[in-house]
Amino acid sequence: MRGTVSSHKTADDAKKQAENTASSHTLLEGRLGYQLESALLVRALTHRSYAYENGGLPTNERLEFLGDSVLGLVVTDTLYRTHPDLPEGQLAKLRAAVVNSRALAEVGRGLDLGSFIRLGRGEEGTGGRDKASILADTLEAVIGAVYLDQGLEAASELVHRLFDPLIEKSSNLGAGLDWKTSLQELTAAEGLGVPEYLVTETGPDHEKTFTAAARVGGVSYGTGTGRSKKEAEQQAAESAWRAIRAAADEREAAAKAAAESGGDSASGSGSGSDSASGSGSDSEEAADTSLVPEAAHTTANSATA
């Protein structure tokens, strides 16, 4: 009897787990905009730590390899077409700013991808669901799965939807194509000095959160948080760059408006002078004309006399 109850419970648990998995996959597919073959999606979400702990299941690493190539192709094609004047070296830097572990991880977080990954107990206990490397690899595996299941056109559309904002954002960066370098270039141009970063950390060793403040000349212009010191500093640098750039743009706009206003005033004053000059001439002309009849009258009278 106990064996029967136990077997029923095991079957029920398995059924419930399958239903939960299907439900979560439907949610992820909704965010991706594509419905994928179930086994393919499961593989794309299977990290090697889970595979090793469950008898050597297939991992997502082959799909990651494929997705990395698809992502690189679509991003490279986009950069080539949208920046026809950039040399190869600059295009390569732009691509590196878009296709890197940190950038991919941010896109993955936007999809809440971490909650769908199949992780082993070890990775689960050390915050693996939010690790940049795991999120980036899984996102590439998902792109690879979309490519296999739906074709290049669908995979390209997905990459554009997820990465076009990042491509546009990278175009605003300086020659170094990272926010810390761009901030240093901007503060040098504005004569503000060299940026410095004050970093604090919270949380246990396996799940630390870093907070950075970007300061220039003793003034804090922006803050950022991340799972690593580098990530927090980059976010702080971006925030500071935008704040300083916005202030510089406002000053330039105000100066331009003042210059235009001054030009209009000077032009208006010139017109006033012309009017005054014209009025004076007309008055003198009128005065001369008014004297003519009187002079003629006087002459006539003299002649009569």
Side-chain angles (χ1 to χ4, degrees), residues 17 19-51 58-76 78 95-120 123-124 126-170 207 209 224-228 230-232 234-235 238:
Q17 183 178 2
E19 289 174 349
N20 290 338
T21 299
S23 177
S24 67
H25 286 178
T26 300
L27 180 60
L28 177 59
E29 287 171 329
R31 293 173 185 174
L32 295 173
Y34 296 101
Q35 184 174 1
L36 302 177
E37 195 271 317
S38 180
L40 189 61
L41 181 57
V42 167
R43 180 177 296 191
L45 297 172
T46 302
H47 187 257
R48 62 176 177 269
S49 62
Y50 182 92
T59 73
N60 63 3
E61 291 177 349
R62 282 171 53 83
L63 284 172
E64 172 202 336
F65 170 76
L66 179 60
D68 175 65
S69 296
V70 174
L71 174 62
L73 171 63
V74 175
V75 171
T76 301
T78 302
R95 182 176 58 191
V98 176
V99 184
N100 64 71
S101 180
R102 185 174 61 85
L104 266 67
E106 284 304 307
V107 173
R109 290 187 183 105
L111 295 168
D112 192 25
L113 189 59
S115 64
F116 303 100
I117 301 174
R118 302 210 295 177
L119 284 177
E123 285 290 357
E124 187 80 65
T126 56
R129 292 192 183 279
D130 196 51
K131 282 185 180 178
S133 59
I134 293 177
L135 287 169
D137 292 347
T138 305
L139 181 59
E140 288 179 332
V142 168
I143 292 171
V146 172
Y147 169 75
L148 283 181
D149 194 63
Q150 304 282 333
L152 181 58
E153 184 176 348
S156 178
E157 191 278 333
L158 176 63
V159 170
H160 279 296
R161 182 151 44 86
L162 295 179
F163 286 89
D164 276 0
L166 194 58
I167 292 172
E168 182 178 354
K169 186 178 177 182
S170 70
E207 200 172 354
T209 297
T225 60
R227 291 297 185 184
S228 67
K230 181 179 180 180
E231 184 179 352
Q234 286 287 346
Q235 288 192 13
E238 177 184 357

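Values reported hereafter were calculated over all heavy atoms of this structure, with side chains retained and with hydrogens, waters and symmetry mates removed.
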Undergrad: Side-chain atoms of residues 33-41: list all donor-acceptor pairs with protein atoms under 3.5 Å, sequence neighbours left out, distances to 0.1 Å.
TA:
residue: Tyr34; atom: OH; partner: Ala154; partner atom: O; Å: 3.1
residue: Tyr34; atom: OH; partner: Glu157; partner atom: OE1; Å: 2.7
residue: Glu37; atom: OE1; partner: Leu40; partner atom: N; Å: 3.0
residue: Glu37; atom: OE2; partner: Ala39; partner atom: N; Å: 3.3

Undergrad: Grab the two heavy atoms, one from Ala103 and one from Ala97, that are nearest each other, plus how far apart they are.
TA: CB-O, 4.0 Å
Undergrad: Mind checking side-chain contact (heavy atoms from CB on, under 4.5 Å) for Thr76 and listing every partner two or more places apart, or none if nothing turns up?
TA: Arg95
Undergrad: With sequence neighbours excluded, what pairs up with Arg118 under the side chain to side chain donor-acceptor pair (under 3.5 Å) test?
TA: Thr46
Undergrad: Tell me which one of Val107, Leu45, Leu32 satisfies side-chain contact (heavy atoms from CB on, under 4.5 Å) with Leu113.
TA: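 Exactly one candidate clears the test, Leu45.
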Undergrad: Taking atom CD of Glu106 and atom CG of Leu166, what is their separation to the nearest 0.5 Å?
TA: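 Nearest 0.5 Å value for the CD-CG distance: 9.5 Å.
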Undergrad: Under a 3.5 Å distance rule, please check whether Asn100 uses its side chain to pair with a backbone N or O of Ala96 as donor and acceptor.
TA: yes
Undergrad: Check whether any side-chain N or O of Asp68 sits under 3.5 Å from a backbone N or O of Phe65 as a donor-acceptor pair, and report yes or no.
TA: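 Answer holds: no.
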Undergrad: Can you tell me how far CG of Asp112 sits from CG of Leu28, rounded to the nearest 0.5 angstrom?
TA: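 Result: 9.0 Å between the selected atoms.
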Undergrad: Return yes if some donor-acceptor pair links the side-chain N/O of Arg31 with the main-chain N/O of Leu111 below 3.5 Å, else return no.
TA: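 Judged by distance alone, yes, a pair lies under 3.5 Å.
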Undergrad: Indicate yes or no: does Arg102 engage Glu231 in a salt bridge with an N to O separation below 4.0 Å.
TA: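 Here Arg102 does not pair with Glu231 in a salt bridge, since their nearest N and O are not under 4.0 Å apart.
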Undergrad: Applying side chain to side chain contact (heavy atoms under 4.5 Å, CB included) to Ile143 and Val74, what does each step give before you reach the verdict?
TA: CA-CA 11 Å; Ile143 292 171; Val74 175; over 6 Å; no
Undergrad: Between Ala44 and Ala141, which heavy-atom pair has the shortest distance, and what is it?
TA: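 Closest approach of Ala44 to Ala141: O-CB, 3.5 Å.
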Undergrad: Rounded to the nearest 0.5 Å, what separation is found between the CG atom of Leu104 and the CD atom of Glu140?
TA: 5.0 Å
Undergrad: Take atom CZ of Arg62 as the centre, draw a 6.0 Å sphere, and report whether it contains more than 12 heavy atoms from other residues, nucleotides or ligands.
TA: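 Open: at most 12 neighbouring heavy atoms sit under 6.0 Å from CZ of Arg62.
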Undergrad: Side chain to side chain donor-acceptor pair (under 3.5 Å) with Ser49: which residues, sequence neighbours excluded?
TA: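 So Ser49 forms a side chain to side chain donor-acceptor pair (under 3.5 Å) with His47.
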Undergrad: Name each donor-acceptor pair under 3.5 Å that joins a side chain in residues 126-139 to protein atoms two or more places apart or in another chain, with its distance.
TA:
residue: Thr126; atom: OG1; partner: Gly122; partner atom: O; Å: 3.2
residue: Thr126; atom: OG1; partner: Glu123; partner atom: O; Å: 3.3
residue: Arg129; atom: NE; partner: Glu124; partner atom: OE1; Å: 3.3
residue: Arg129; atom: NE; partner: Glu124; partner atom: OE2; Å: 2.8
residue: Arg129; atom: NH1; partner: Gly114; partner atom: O; Å: 2.7
residue: Arg129; atom: NH1; partner: Ile117; partner atom: O; Å: 2.6
residue: Arg129; atom: NH2; partner: Ile117; partner atom: O; Å: 3.2
residue: Arg129; atom: NH2; partner: Glu124; partner atom: OE1; Å: 2.8
residue: Asp130; atom: OD1; partner: Arg109; partner atom: NE; Å: 2.7
residue: Asp130; atom: OD2; partner: Arg227; partner atom: NE; Å: 2.5
residue: Asp130; atom: OD2; partner: Arg227; partner atom: NH2; Å: 3.4
residue: Lys131; atom: NZ; partner: Glu123; partner atom: OE1; Å: 3.0
residue: Thr138; atom: OG1; partner: Ile134; partner atom: O; Å: 2.8

Undergrad: Write down the atom of Leu71, the atom of Phe163, and the distance for their closest heavy-atom approach.
TA: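 Scanning both residues completely, I find the closest heavy atoms to be CD1-CE1, 3.7 Å.
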Undergrad: Arg43: which residues meet the salt bridge (charged side-chain N to carboxylate O under 4.0 Å, His left out) condition with it, sequence neighbours left out?
TA: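 Arg43 satisfies salt bridge (charged side-chain N to carboxylate O under 4.0 Å, His left out) with no other residue.
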